[in-house]
Q: 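I'd like to ask you about the structure that follows.
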Amino acid sequence: MPKDETVLITGANGEIGHGLIEHLHTGRRARIIATDIQPLDSDLKPMCQTFLQGDITDPDLIGQLGQSPFTTIFHLASILSTKGERDPELAHHVNVDGTLHLLQLAAEQSRREGRPVRFIYPSSIAVYGLPDLETKARHGRVVREGEWCSPATMYGVNKLTCEHLGRYYALHYRSLEPATTRIDFRALRFPGLISALTVPTGGTSDYGPEMLHHAAQGKPYACFVRPDSQLPFMVMPDAIKALLLLEAAPRENLHQLVYNVTSYSPTAAEILQMILRSFPSAQLTFAPDERRQAIVDSWPADIDDSAARRDWLWKAEYDFRRSFEEYLTPSVHQRYA
Ligand code: AKB
């Protein structure tokens, strides 16, 4: 990204926002306009040119954001799957109406500035919905982008809807009028994410990071899924890498608008064993919660990210062992020292 470009980051104070802002500030020196419903952490403030606290469903906030011209939007703000099941209408409002506002903002910016606006959208494995454990065991290991898209959560429905909205705005928006807007929409479907610096809230893959952060603080933790539960995961540095690689990919190399990305697929028992290697006295147990278990059971055990590897040379840096030995364990040790 040339230095004179400006990026808008929504959900800036969240897990991905932290890593992304640090990278864009130090690595690329991009001008950053950030927004979040929460106040921005003090360490991130000096890295952002502008921070606006507010709700992305609020038209006033969208109006204020629209005053600065930007070239890329990373739309990270979202209500995650467990919180979304507790208040499905709120999840729809924030996740879908909020995204629609931002797509309209991107279209307006593109029309006004006479150039395309890149719209980078983190979707999720939650868009998949396998009907039962037998099907998951038989088909859940190599799920491609077009398969099993029948989500069982409001969050998954919202993510799938927004992928379609992005495709619509990129390819068909105001198709009856002369073309004046160009939205370069690019989405990736993340697996569960694990960061050494932040703990997610309201998700269902949260048992992975929660086990680690409790162990590192010497606090007991009862994992809310069965030991054999298996999901794809990725550490935060790889998630940031994926977002930036997708953003930088030449448009002509992209043969689809939505891509799976993943790193490794441990069971909950394997995560626990890996944590015990670094924190042998960790008090980790299993106490499955039927409803959250059902969500995890509906998500694939693994996903096929060969399209991302082919089109934009995606490759995770961290496998399961390296994630813990070189990133998670040393960083959480330092964090809670
Ligand atoms: C969640 O658990 O809701 C998220 C996700 C898998 O997108 N972490």
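Atoms within a ligand are numbered from 1 in the order they appear, just like the ligands themselves. Along the sequence shown, residues are numbered consecutively beginning with 1.
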Q: What residue and heavy atom of the protein are closest to atom 2 (O) of ligand 1, and at what distance?
A: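 I find the closest protein heavy atom is Thr204 N, 2.6 Å.
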Q: State the atoms of ligand 1, each with its element, that fall below the 4.0 Å cut-off from a heavy-atom position in Ser205.
A: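 Near Ser205, meaning under 4.0 Å from one of its heavy atoms, ligand 1 has 2 (O), 4 (C), 6 (C), 8 (N).
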Q: Determine, using heavy atoms of Tyr155 and all atoms of ligand 1, whether some pair is separated by less than 4.0 Å.
A: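 The answer is yes: ligand 1 sits under 4.0 Å from a heavy atom of Tyr155.
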Q: Return yes if a side-chain donor-acceptor contact under 3.5 Å exists between Thr72 and Glu5, otherwise no.
A: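 Short answer, no.
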Q: Considering non-hydrogen atoms of the protein only, which is the closest contact for atom 5 (C) of ligand 1, and what is the distance?
A: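 Here the closest protein heavy atom is Ser124 OG, 3.4 Å.
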Q: Below 6.0 angstrom between ring centroids: does that apply to His213 and Tyr221?
A: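 Ring centres of Tyr221 and His213 not closer than 6.0 Å.
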Q: Is the closest basic N to carboxylate O distance between Glu325 and Arg277 below 4.0 Å?
A: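 Yes, charged N to carboxylate O under 4.0 Å.
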Q: Tell me if the aromatic rings of His214 and Phe279 count as close, with their centers under 6.0 Å from one another.
A: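 Not under 6.0 Å, so no.
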Q: So if I count the atoms of ligand 1 from 1 in the order they appear, which ones are less than 4.0 Å from some heavy atom of Ser81?
A: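 Result: 1 (C), 2 (O), 3 (O).
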Q: May I ask you to list the atoms of ligand 1 that are less than 4.0 angstrom from any heavy atom of Leu80?
A: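 Checking each atom against Leu80, I get 3 (O).
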Q: Do Trp148 and His139 make a side-chain contact, defined as non-hydrogen atoms from C-beta onward lying under 4.5 Å apart?
A: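 Result yes, sub-4.5 Å side-chain heavy-atom pair found.
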